Amino acid sequence: KGNILEVNRDMCVMSGYTKKELEKSNVIDKFVLPKYKDLACENIKKLINGTDLEHDIKTLKKNGEMRYYYLKETNIELPSEEKGIISMHIDVTERVKQREKLELMSFTVNNSKLLVFRASPKGIIEYINKTVLDKLGYKKEELIGENAKMLLRDENYIKREKFWNQIKNNTSITYERSYVTKDGNLLPVQITSQYFKYEDKEYEFVFAQDITERKRKEREIKYLSYRDPLTDLYNRRFFEKEVNKFDNKKDIQVSIIMADINGLKLINDTYGHEKGDKLLVEAAHFLKRFIRKDDILARHGGDEFVILLPNTSYDQAQEIINRIKNRKKENTKREIPLSITMGVATKNDESEKLKDTLKRADNRMYEN
């Protein structure tokens, strides 16, 4: 019937009840939660009939605290020659909580939007979550057991021994890379690599966030910061950055063409700024037709354009100006003819700064 005949001291400590409170009480009343009472009665019948049981139970201590016990139970002969039950309890609360925590963690990791890997000290992939498969397009068996190097381009790969020492010494490092997807595309990610040691085994845990959208916005911001909003040519800021870059290069002959739209102020005053803006856009499109792959065309000011010509002599730059002048004649039939004045200068001396070359080109433009 479940009546408790005898308990030991440890059972009293575990449950919070005194020996007197437990003995002569009923095990179902003291330790079984209401929803498990029918199951407990069935288990008593099984034990009396000779079935041994091992199972976990969830129960309350006297103070209302929830605990978990592992039970091992069998029937015995009582002095009265009746069948009785001996039930041995081990408190496994911490183990169960840890298991539940690990199960929750496993669920969270597997369903996380982060790409999660576990790798050995040699870089062998031992675990991946679902997001890795979804984002990179691989099957699980194509990654588990492989070296993580397969997901990186050669130029982004740091020798494993060096990298392992970095994460081991720093515990955690964060950096940006691009993973190679199965179809050969690149997925930009921000990665946090963490060092773990458990039971004398070492691991690297990788948590990678897809930063495709962030990179797209960064490119967009960078593009806009270096572009003239009216003509979509490079702006003065970008041009000056390139000038500084070429100033640091040796043995490179650089020519600069300055170009000015004649009469823009008169056009703005007579026809309105909308016509003037339209003429600037048409001038930009016209000049782009003469630009080579490595040349840089930028809007330098209100009515000024500048062309940076790497590896170009003065004569070659003058030839470009002549081609522009010859094609400019096509614009005479327009409502407002496009009139451009140009000047050119070439940096032949390494000691000369390109800003001085630019000034010479600007002076020649005004002379013209």
Side-chain angles (χ1 to χ4, degrees), residues 1-114 116-118 120 126-131 171-172 192 194-205 207:
K1 297 185 185 301
N3 295 326
I4 299 172
L5 303 179
E6 187 179 352
V7 295
N8 68 355
R9 183 183 61 83
D10 286 328
M11 190 68 224
C12 297
V13 173
M14 284 166 55
S15 66
Y17 291 102
T18 64
K19 191 176 178 72
K20 187 176 180 180
E21 287 174 317
L22 289 178
E23 292 179 352
K24 309 304 179 186
S25 69
N26 190 278
V27 70
I28 294 175
D29 295 335
K30 276 288 188 286
F31 295 114
V32 179
L33 297 175
K35 63 179 178 179
Y36 298 128
K37 285 190 174 181
D38 289 343
L39 177 62
C41 291
E42 287 297 318
N43 284 343
I44 289 174
K45 290 178 183 178
K46 289 179 183 178
L47 287 162
I48 294 297
N49 291 328
T51 302
D52 293 342
L53 297 178
E54 293 184 38
H55 56 104
D56 288 345
I57 67 163
K58 183 164 66 172
T59 187
L60 293 173
K61 290 179 65 172
K62 182 181 178 180
N63 63 5
E65 180 187 353
M66 186 69 70
R67 305 297 291 180
Y68 294 87
Y69 297 153
Y70 166 71
L71 272 57
K72 194 167 186 177
E73 301 177 303
T74 188
N75 71 23
I76 56 172
E77 290 286 341
L78 297 176
S80 61
E81 297 184 353
E82 291 181 288
K83 288 285 185 183
I85 298 169
I86 184 165
S87 181
M88 293 166 282
H89 295 212
I90 299 174
D91 190 330
V92 293
T93 304
E94 295 309 313
R95 187 189 75 189
V96 171
K97 285 183 177 179
Q98 185 70 10
R99 185 181 67 210
E100 289 177 346
K101 184 179 177 181
L102 289 172
E103 287 172 354
L104 178 61
M105 186 184 296
S106 177
F107 176 82
T108 304
V109 166
N110 203 45
N111 292 277
S112 169
K113 291 183 179 180
L114 296 176
V116 183
F117 301 81
R118 186 182 74 238
S120 71
E126 299 178 342
Y127 167 83
I128 51 176
N129 72 343
K130 184 175 178 292
T131 307
T171 307
S172 176
T192 297
Q194 294 187 340
Y195 171 79
F196 281 94
K197 187 174 182 180
Y198 179 70
E199 293 184 349
D200 295 327
K201 288 188 177 181
E202 296 176 306
Y203 305 97
E204 175 197 3
F205 271 89
F207 305 92

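All figures in this text were calculated on a predicted structure; none of them were measured in a lab.
In this structure, M14 CE and T59 OG1 are separated by 10.0 Å, a value rounded to the nearest 0.5 Å. The distance from the CD atom of E6 to the CE atom of M11 is 13.5 Å, given to the nearest 0.5 Å. For the atom pair CZ (F31) and CD1 (I4), the distance works out to 5.0 Å, reported to the nearest 0.5 Å. To the nearest 0.5 Å, atom OH of residue Y203 and atom OG of residue S120 are 10.0 Å apart. Taking OH of Y70 as the reference point, atom CG of D91 lies at 14.0 Å (rounded to 0.5 Å). For the atom pair S80 OG and L5 CG, the distance stands at 8.0 Å (nearest 0.5 Å).
Looking at T192 and L114, their side chains never come closer than 4.5 Å, going by heavy atoms from C-beta outward. The side-chain heavy atoms of H55 and N43, taken from C-beta on, include a pair separated by under 4.5 Å.
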- Query: Can V96 and K58 be said to form a side-chain contact (heavy atoms from CB on, under 4.5 Å), step by step?
  - Reply: CA-CA 10 Å; V96 171; K58 183 164 66 172; over 6 Å; no
- Run the numbers on E77 and K83 for side-chain contact (heavy atoms from CB on, under 4.5 Å), then give the verdict. CA-CA 5 Å; E77 290 286 341; K83 288 285 185 183; 3.3 Å; yes
- Given L60 and M66, is the side-chain contact (heavy atoms from CB on, under 4.5 Å) satisfied, shown in steps? CA-CA 5 Å; L60 293 173; M66 186 69 70; 3.5 Å; yes
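Applying the salt bridge (Lys or Arg N to Asp or Glu O under 4.0 Å) test to every pair with at least one member in residues 8-35, sequence neighbours left out, gives these pairs: K19-E23, E21-K62.
I44 approaches G2 most closely through the heavy-atom pair CD1-CA, 3.9 Å. The heavy-atom pair separating D52 from L47 by the smallest distance is CA-CD2, 4.3 Å. For the pair L22 and S15, the tightest heavy-atom approach, listed with the atom from each and the gap, is CD1-OG, 3.7 Å.
With respect to the salt-bridge test (charged N to carboxylate O, under 4.0 angstrom), the residues E204 and R118 do not qualify.
Evaluation of the side chain to side chain donor-acceptor pair (under 3.5 Å) rule for N49 yields no partner, not counting sequence neighbours.
A side chain to side chain contact (heavy atoms under 4.5 Å, CB included) with I85 is found for exactly one of V27, I76, I48, namely I48.
A 6.0 Å sphere centred on NZ of K130 holds no more than 12 heavy atoms belonging to other residues, nucleotides or ligands.
Counting only distance, with no hydrogens or angles, the side chain of T93 and the backbone of Y68 share a donor-acceptor pair below 3.5 Å.
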